[in-house]
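First the structure, in the form of structure tokens, and then the observations on it.
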Amino acid sequence: MIEIYAQNMGCIYFAIAISQQKILVSTFSIDQKTALNNILDNLPFSTPFQFFHKPSAQARTALLALKDIYDGKDATINLSLATSDLPAYNRKVLNATASIPVGYVTSYGAIAKAVGGGARAVGKAMACNLFAPIVPCHRVVKSNLGLGGYAGGLQVKLEFLSREKRGFESPRTVEVNGAALEVFPVEYVLKKYV
DNA sequence: TGCAAACCATAAC
DNA sequence: GTTATGGTTTGCA
């Protein structure tokens, strides 16, 4: 059985689907209907599911984590993501994306360099990311520090990023399973959009 | 700046 | 198999 929840935070609706301690899909939108539709679109067609109003313990931790992410905090997720059905390449991309620290962004090309493949392939993997915003695909932008795209809308992407400002001033690199991934302060992006 | 061509993994046919 | 399709990038005028 799959549990589905929707919750309003600020001006955004978050929705998640959980089964057996694993997050199947997480998503969000400016209205509840779209958020729930996003969930349903990504579940196997014939899977039995049920809506709940009162979250279980596992759901509560997940929703709490979502709120932390929305607030720009450093959220720790202790629920695992159901990535086993994804193509291996997508998993690598998501994994690299997940290791971008709060307050930093990186580019599609930079991820491509770290995990192999090309920038467009990375963008493709992002586009079908089932775990927004737990996997912070909003922290991936174009190489010229333009916003790029976002399934949830560019406004929302900008919103997330501006909530994650940390005042970092210079680029750095992080390790993602052996390879170096270069990241930039979010301020680099934000100052182009004020 | 702006455009065209190369880029590379998926999905659809 | 082959083709179409991106949340790109790079090079060149």
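Chain A is the first sequence line, chain B the second, and so forth, proteins listed ahead of strands; every chain is numbered from 1.
An OP1 or OP2 oxygen of C:dT9 is reached within less than 4.0 angstrom by a side-chain nitrogen or oxygen of A:Ser107.
A:Glu164 has no carboxylate O lying under 4.0 Å from a charged side-chain N of A:Lys73, or vice versa, which leaves the two without a salt bridge.
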Which donor-acceptor pairs under 3.5 Å do side chains of residues 84-94 of chain A form with protein atoms, sequence neighbours excluded?
from    : atom 1 : to       : atom 2 : distance (Å)
A:Tyr89 : OH     : A:Gly116 : O      : 2.9
A:Arg91 : NH1    : A:Thr83  : O      : 3.2
A:Arg91 : NH1    : A:Leu86  : O      : 3.1

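Contacts between residues 81-106 of chain A and DNA chain C, counted as heavy-atom distances below 4.0 Å, involve no residue at all. Of all the residues in residues 27-41 of chain A, not one reaches under 4.0 Å from DNA chain C with any non-hydrogen atom. Listed by residue number, A:Gly117, A:Gly118, A:Arg120, A:Ala121 are the residues of residues 117-149 of chain A with a heavy-atom contact under 4.0 Å to DNA chain B.
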Exercise for the section: Begin from the C-alpha positions of A:Tyr104 and A:Phe168 and carry the test ring pair (Phe, Tyr, Trp, His ring centres under 6.0 Å) through to its verdict. Expected result: CA-CA 8 Å; A:Tyr104 289 96; A:Phe168 297 127; 4.5 Å; yes

Problem - side-chain hydrogen bond (donor to acceptor under 3.5 Å, both in side chains) assessment of A:Asn37 paired with A:Thr34 - result: CA-CA 5 Å; A:Asn37 277 337; A:Thr34 313; 5.8 Å; no

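Judged by the 6.0 Å distance and 45° axis criteria, A:Lys191 is positioned over the aromatic ring of A:Tyr188.
Judged purely by distance below 3.5 Å, without hydrogens or angles, the side chains of A:Ser56 and A:Glu3 pair a donor atom with an acceptor atom. Checked by atom type, the side-chain pair A:Gln7/A:Tyr5 shows no donor-acceptor distance below 3.5 Å.
You won't find any donor-acceptor pair under 3.5 Å spanning the side chain of A:Tyr150 and the base of C:dG7, going by distance alone.
A:Asn42 places a side-chain N or O within 3.5 Å of a backbone atom of A:Asn38 that can act as its donor or acceptor partner. With A:Gln58 contributing its side chain and A:Gln21 its backbone, the two residues share a donor-acceptor pair below 3.5 Å. Proximity of a side-chain donor or acceptor of A:Thr106 to a complementary backbone N or O of A:Glu182 within less than 3.5 Å is detected.
Stem analysis of DNA chain C (Watson-Crick or G-U pairs, both distances under 3.5 Å, runs of at least three) returns B:1-6 with C:8-13, B:8-13 with C:1-6.
Straight-line distance from the NZ atom of A:Lys113 to the P atom of B:dA9: 17 Å, rounded to whole Å.
The one candidate from A:His138, A:Arg139, A:Met126 that meets the side chain to side chain contact (heavy atoms under 4.5 Å, CB included) condition with A:Thr97 is A:Met126.
Side-chain heavy-atom separations under 4.5 angstrom define the hydrophobic clusters, and A:Ile30 shares its cluster with no other residue.
Remark: A:Lys165 NZ is loosely packed, at most 12 non-hydrogen atoms of other residues, nucleotides or ligands lying under 6.0 Å away.
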